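Both ligands and their constituent atoms are indexed starting at 1 by order of listing. The shown structure was predicted, so the numbers you read here are calculated from the model rather than taken from an experiment. Residues take their numbers from the sequence shown, with the count starting at 1.
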Amino acid sequence: MDFKDLIKQRRSIRKFTEQEIDKEDVVTLMRAALMSPSSKSTRGWEFVLVDDKAMLERLSQTREKGAELIAGAAMAIVVMANPEVSDVWVEDASIAALNIQLQAEDLGLGSCWVQVRNRFTADGVPTDDAIHELLGIPANLRVLNMVAVGYKAMERNPQNEDKLQWEKVHLGMYNAAQE
Ligand SMILES: Cc1cc2nc3c(=O)[nH]c(=O)nc-3n(C[C@H](O)[C@H](O)[C@H](O)COP(=O)(O)O)c2cc1C
């Protein structure tokens, strides 16, 4: 698939089969993450790869709602970064996460971004803190998100070209008269 089609094809997948992801594909996913651009090339991100079912279940409960799908994923890639290494760690980590998602699509895998930063457990504990505890993550790292990955067990339509909001693209000046 060429990149133009891949971009159109990628949709958030929230149901996965039981099939494990091949080791080489896991390496390919992380290769994409490690090649992502970062501010001043600081590469402040780090990743925890979780495929243990019991841990996936626990991770799925670190949000009041919105993280349930993690329980059924083959793998959760927990994306972290060190704010002391990069003042724009959110951007750095976001780009790495998206690279993983695009690489997943190219490998025929489904993925979904599960937000961690600024989110809370049902008990009001920051999701970031709950995940630190579960995975033994050092205090100097912050968790941005988890990328759920696995073989797709649901079909999604590709992006609809007819619904693209071209009016949000401004030529030359905001509000410039456009033909
Ligand atoms: C910053 C961000 C946070 C997101 N958080 C969640 C989440 O916590 N749970 C979830 O199921 N999907 C989450 N998503 C996925 C979005 O819901 C999804 O990308 C959006 O609905 C567009 O659908 P698409 O990815 O199929 O194009 C998140 C996406 C982004 C970019």
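Using modelled atom types, one finds a donor on one side chain and an acceptor on the other under 3.5 Å when comparing Asp92 with Ser86. Side-chain contact, Trp89 with Glu91: no donor N or O sits under 3.5 Å from an acceptor N or O.
Residues Val149 and Phe16 approach most closely at C-CE2, 3.9 Å, considering heavy atoms. Listed here is the closest heavy atom pair of Gln103 and Ala32: CB-CB, 3.7 Å.
Within a 6.0 Å radius of CD in Gln159, more than 12 heavy atoms belonging to other residues, nucleotides or ligands are found. More than 12 heavy atoms of other residues, nucleotides or ligands lie within 6.0 Å of CZ in Arg156, so this atom counts as buried by the packing criterion.
When each atom of ligand 1 is checked for a heavy atom of Leu69 under 4.0 Å away, the hits are 11 (O). Taking every non-hydrogen atom of Gly66 and a distance limit under 4.0 Å, the qualifying atoms of ligand 1 come out as 7 (C), 8 (O), 9 (N), 10 (C), 11 (O). Within ligand 1, the atoms closer than 4.0 Å to a non-hydrogen atom of Arg10 are 24 (P), 25 (O), 27 (O), numbered from 1 in the order shown. Interface atoms of ligand 1 facing Gln159, defined by a heavy-atom separation under 4.0 Å, are 27 (O). For ligand 1, the atoms lying closer than 4.0 Å to a non-hydrogen atom of Arg156 are 26 (O).
Less than 4.0 angstrom separates atom 13 (C) of ligand 1 from at least one non-hydrogen atom of the protein. Distances from atom 1 (C) of ligand 1 to the protein include at least one heavy-atom value under 4.0 Å.
Between Arg142 and Asp128 there is a salt bridge, since a side-chain N of the basic residue sits under 4.0 Å from a carboxylate O of the acidic one.
Between Met154 and Ile13, the closest side-chain pair of non-hydrogen atoms falls below 4.5 Å.
Annotation: Val114 places no N or O atom under 3.5 Å from an N or O atom of ligand 1; distance criterion only.
At the shortest separation from atom 8 (O) of ligand 1 among protein heavy atoms lies Arg63 NH1, 2.8 Å. When only non-hydrogen protein atoms are considered, atom 17 (O) of ligand 1 lies nearest to Arg14 NH2, 3.1 Å. What sits closest to atom 10 (C) of ligand 1 on the protein, heavy atoms only, is Trp113 O, 3.5 Å. In this structure, atom 19 (O) of ligand 1 lies nearest to the protein heavy atom Ser12 OG, 3.3 Å.
Contacts between Cys112 and ligand 1 below 4.0 angstrom, taking non-hydrogen atoms only, involve the side chain exclusively. Residue contacts with ligand 1 for Asn145 are absent, since no atom lies close enough (heavy atoms, distance under 4.0 Å).
With rounding to the nearest 0.5 angstrom, the CG atom of Asn145 is 11.0 Å from the CZ atom of Arg119.
The closest approach between Arg119 and ligand 1 stays at or above 4.0 Å for every heavy atom of the residue.
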